[in-house]
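Here is the structure we will look at, set down as C-alpha cells.
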Amino acid sequence: MGELRMEGVSVGFGGKAAVDGVDLTVAAGHTLAVLGPSGCGKSTLLRIVAGLQRPDRGRVVFDGVDLTETPTHRRGFALMFQDGQLFAHLDVAQNVGYALRRRRLSRRVVRARVADLLDLVGLAGLEDRRPGSLSGGQQQRVALARALAAEPRLLLLDEPLSALDATLREQLATQLRDVLRATGTTAIMVTHDQEEAFAVADDVALLRDGRVVQHGPALDVWRAPIDADAARFLGYRTVLPPEAGLSLGHPGRSTALRRNALRVDSTGPIVATVISSAAGPDGVRLEVQVEGLGALPAVTDDETAPPAGARVRLRVQPSSVAALPDIGRSVISRTD
Amino acid sequence: MRVNGLGRWWPAAVALVPLAFLGVFFVLPVAGMLARGLHPDGHWALADAARVFGRPRERRVVLFTLGIATLGTAVTTVLGLPVAYALYRLRIPGAGVLRALVATPFVLPTVVVGVAFRTLLVSSGPLGFLGLDGTWVAIALALVFFNLSVVVRTVGSAWAALDPRPQEAAAALGAGPVRVFRTVTLPALAPTILSAVTIVFLFCATAFGVVLTMGGLRYSTIETEIYQQTTDVLDLRTAAVLSIAQFVVVVLLLVVVERARSGVRPQPAGAGVGRRRRPARQDLPVLAVTAAVVIFLVLPLASLVARSLHADGGWSLQNYRRLGTAGDGGALLVPVGDAIASSWRIAVDATLLSVILGLAVAVTVAHRPNGRSGRPRRLAVLDAVFMLPLGISAVTVGFGFIVTLNRPPLDLRDSQILIPIAQALVALPLVVRTVAPALVGIDDRQRQAAASLGAGRWQVVRTVDLPVVWRPLLAATGFAFAVSLGEFGATSFLARPDHPTLPVVIYQLIGHPGGDNFGMALAASVLLALMTAAVMAGVESLRVGSVGRF
C-alpha cells in the first residue's frame with residue numbers, strides 16, 4: 001500500500017515543455033529525491049503530483065487509482081514548501097493541528113496528537129508560539145509536523161532544507177530521514193542539492209530539461225553517474241576523456257573524479273608535480289599536474305603542504321572515481 | 001559630524017512645512033469654529049452644548065447618520081467583495097475596462113452623483129415607478145455607488161497580490177475551497193477588508209454633496225445639519241457640538257484604520273503572485289453579482305447623459321448651448337462658462353499646493369532612520385494626522401475659514417486663495433496615500449549602495465527615488481486635480497457668488513427650479529463628469545496601483 005506512479009507525465013508553458021514524458025515510481029514507504037538544477041521542471045513535477053498543476057498528458061496513479069482528475073484536497077497527500085508556508089495568523093499548535101481539526105476529533109485528542117508530533121520533530125512545548133517568533137529551522141520542523149499531522153498517504157517536500165544554513169541542514173536532513181522511516185511515509189522530495197538528496201532519500205531521479213536522465217537507488221546513482229553532466233551535478237569535480245582511463249583503472253572509459261580521488265601516497269603509481277597547495281579545514285588540498293592527464297585536484301593526509309614544484313606520488317581512491325557508460329546509452333532507468 | 005546632524009534632522013524640517021500649513025489652515029479654523037460654539041462670550045457653555053443631543057431633531061440626525069452609513073457600508077462591502085474577486089482573481093474578458101468603470105464613481109463630483117441619481121429616480125425618470133426619489137433608500141444607493149470602488153480596488157489589489165502558496169499548502173493538507181477561503185484567504189485579507197470598510201463608513205458618514213442634493217430637507221446627516229445650522233439657522237453652538245461629535249467618531253475610526261493597516265503584512269519579495277484563473281461553474285454567483293453591479297454603476301450615468309441631451313420634448317443640445325448664460329430667474333450671477341474657467345484656475349492652484357505638501361508628508365512618513373524597517377510610532381501618528389482632513393466635515397473647515405481667517409495678520413476672507421487652500425486640504429491625504437507606498441517600497445540599502453558608489457544626496461534622489469516615484473507623483477497630481485474640480489463641501493462656503501466653481505453652480509441651478517435650470521444643471525454635470533473622467537483616465541493609464549486604495 002502506498003505506491004505512486006507517474007506515467008508519461010508532460011506539461012508545457014507557452015509552447016515550451018517544462019516536464020516531458022516523466023515515468024517514475026515510488027515504492028511504498030520509500031523516499032524518492034528528484035534532483036536537478038533550477039528550471040529543470042522538478043517543482044512543476046511536484047505540483048502535478050500534488051494536484052496544483054494539471055498535466056497536459058499522462059497520469060498520476062496512487063495504489064492503482066488514477067488521481068489525475070482529483071482535486072488537491074481530496075488526494076490525501078501533504079505538501080511542505082521550501083519556506084514552510086506556516087499560517088502566520090495561527091500559533092504553532094493551530095498550524096500543526098490544521099489538518100486534524102477538519103476531522104472533527106475532540107479537542108483533547110487534537111492537543112495530544114499535536115504534542116506528539118512536536119515531540120517527534122524536537123519542538124515539544126512550543127505550542128503557543130507564533131511562527132514569526134521561530135527560527136528558520138524551527139519553522140521548517142513545524143511545517144514538517146503540520147504535514148505529518150495530515151497522516152498523508154504521500155508526503156511531498158519542495159526543497160525542504162534549502163532555506164537553512166549548512167549545519168542546520170545536515171542536522172535536519174538526518175532528522176527528516178529518521179522521521180520518514182519511523183512513520184513509514186512514502187515521500188517525494190525535490191531538491192537541487194545532491195547532499196540533501198542522498199542524506200534523505202532511498203532513490204534518486206536526476207531530472208534535466210523536464211526529462212528523467214537517471215533513476216535508481218541513491219548509492220547506485222551516486223557511484224555511477226550516467227554522463228559527464230550528471231557526474232558534475234552529483235559532486236564530481238573533474239571528468240576526464242577515455243584516453244585518460246587507463247591510468248585510473250578504467251581503460252577506454254570517460255572517468256569522473258571527486259575532489260579526493262587522488263591522494264598523496266609515497267608508494268602510489270602516479271607521478272605528479274605540485275602546482276599549488278592550501279591548507280583547509282579538512283586537510284591539505286593540492287592542485288597537481290599529472291603527465292598525460294593535465295591539472296587535477298588532489299588531497300594529502302600530511303600536515304604540511306608540499307611546496308609548488310615538488311614531485312609527489314599519487315594513489316587513486318577507487319570509491320571516488322566513476323567510469324561513465326559509453327555515449328549512446330544516455331538514459332538508464334533502474335526501477336527494479 | 002555636521003553632515004550626520006543634518007541627516008538626522010532633515011525629515012523633521014521637511015515635515016515642518018505641511019505641519020505649519022495644517023496648523024494654520026486646519027487646526028486653527030476648526031478650533032475657532034468649535035470655540036465659537038462652546039466658548040461664546042468668553043465663558044464655557046458646555047451644559048448648553050450637552051443639551052443639543054437631548055433635542056429630538058439632533059438625535060434624529062445622529063441616528064440617521066449612523067443608520068445610513070452602516071447600511072451604505074454593509075451593502076458596499078457585500079457587493080464589493082465578490083466584484084473584487086471577479087475583477088482581480090478571475091480571467092474575464094474586458095476586466096481592465098470594468099476595473100476602470102468601477103473606479104470612476106469615486107472621483108465623480110458628489111453633486112454630479114446626486115444629480116445623476118435624481119434623473120434616474122424622479123417620477124418622470126426611467127426608474128420613477130419605484131417611487132424612491134427623495135427617500136433614504138436613494139441616498140443609501142448613491143453612497144454605495146460612490147464607495148464601491150474603495151472596496152473593490154483596495155481589497156481587489158490585495159487579493160491579486162496574495163501569495164498563493166499558503167492557500168496551496170492548505171489545499172494540500174486536505175482543505176476544500178470553502179475551508180481554504182475561511183481559514184487562509186480571509187484572515188490574510190481581513191486587515192485590508194477592515195481598513196476598506198472603515199474608510200467607506202467614514203465616507204458614508206461624512207457625505208455632504210450627495211445627501212444635500214438627494215435628501216433635500218427631509219433627511220439630513222450630521223454633515224448637512226452642520227451646514228443648515230451654520231447657514232440657515234445660524235445656531236453656531238449646535239453646529240460646533242455636532243462637529244465635535246463627528247470629530248471624535250472620525251478619530252476613533254482612523255485609529256481603527258491605522259491598527260488594521262499595521263496588520264497588513266508586506267508581501268515578501270519574490271512571493272509568487274497567483275495567476276488569474278478561468279471562471280468555472282462555481283464562480284457563477286460571483287459573476288452574476290458583478291454583472292448586476294456593473295449595470296447599477298452604468299444606469300445613473302447613462303440616465304444623466306440621456307436626460308442632458310433632452311430638451312423641449314426632443315433630443316437637442318439646447319441644455320449645453322445654455323451654459324453660456326446665467327440661467328433663468330436670476331439663478332446665477334455669471335454664465336456657467338465663467339464658472340468652468342474659475343474651476344480650472346482654482347484646481348491648478350489647489351493641485352500645486354497639495355502635491356508639494358503631500359510629497360513633503362510622504363517623504364517624512366516613508367523615511368526610516370538608519371535603514372531600519374518598520375514604521376516608528378510617531379510617523380504612524382503623523383500619517384494619521386494628515387488623514388484627518390479626509391474625515392473632518394469639509395463644512396466645518398469652510399466655515400472655520402470664515403470665522404477665523406478674518407482679521408490681521410491673516411485676513412484672507414475676501415481672498416480667493418482660501419478656496420484652493422481648502423481643496424488642497426481635501427486632496428492632501430489622497431496624495432500622501434498615493435506617493436508614500438512607492439517611497440516606502442524603496443529598500444534603503446539601494447540608497448546606501450548608490451551613496452557608497454559615490455552618489456551625492458541629490459544624485460541619490462535622482463537615480464534611486466525619482467525613477468520609482470515619478471509615476472505615482474504624476475498620478476497623484478491628476479488625482480488631486482480631479483478631486484479639486486469636484487470639491488463641493490468647503491467650496492460651497494467659500495466661493496463668492498460672482499466667482500463660483502462648477503459644482504457650486506450645479507447646486508445653485510438645482511436650487512432654482514423653473515425654466516431650463518435643471519436641464520442646464522444636467523449639462524453642466526455631464527461636462528464636469530467628463531473633465532474628471534478624462535483626468536482620471538490619464539491617471540489610470542499610469543498604472544499606479546496605490547491610487548484610490550486605502
To check you understand the geometry: which heavy-atom pair defines the closest contact between A:Tyr98 and B:Leu173, and what is its length?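 Closest approach of A:Tyr98 to B:Leu173: CD2-CD1, 4.0 Å.
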Where on A:Ala150 is there a heavy atom nearer than 4.5 Å to chain B: the side chain, the backbone, both, or neither?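 Side chain of A:Ala150 only, per the 4.5 Å heavy-atom cut-off to chain B.
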Go through the atoms of A:Arg146 and report whether side chain, backbone, both or neither lie under 4.5 Å from a heavy atom of chain B.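 For A:Arg146, the contact with chain B is made by backbone and side chain together.
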Heavy atoms only, distances under 4.5 angstrom: which of B:Ala190, B:Pro166, B:Pro177 has the most pairs with chain A? Name it, please.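 Looking at each option in turn, the highest pair count goes to B:Pro166.
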What residues, two or more places apart in sequence or in another chain, satisfy salt bridge (Lys or Arg N to Asp or Glu O under 4.0 Å) together with A:Arg181?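 A:Arg181 satisfies salt bridge (Lys or Arg N to Asp or Glu O under 4.0 Å) with A:Asp202 once adjacent residues are dropped.
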Name the atoms and distances for all side-chain donor-acceptor pairs under 3.5 Å in residues 77-87 of chain A, with sequence neighbours left out.
unit_1: A:Asp83; atom_1: OD1; unit_2: A:Gln85; atom_2: NE2; d: 3.3
unit_1: A:Asp83; atom_1: OD2; unit_2: A:Gln85; atom_2: NE2; d: 3.3

For chain B, which residues from residues 68-76 of chain A have at least one heavy atom closer than 4.5 Å to it?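 Near chain B, by residue number: A:Thr72, A:His73.
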Which residues, numbered in order, of residues 111-135 of chain A come under 4.5 angstrom of chain B by heavy-atom distance?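 Within residues 111-135 of chain A, no residue comes under 4.5 Å of chain B, counting heavy atoms only.
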In terms of heavy-atom contacts, does CZ of A:Arg108 have more than 12 from other residues, nucleotides or ligands at under 6.0 Å?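 Counting neighbours around CZ of A:Arg108, 12 or fewer heavy atoms of other residues, nucleotides or ligands fall under 6.0 Å, so no.
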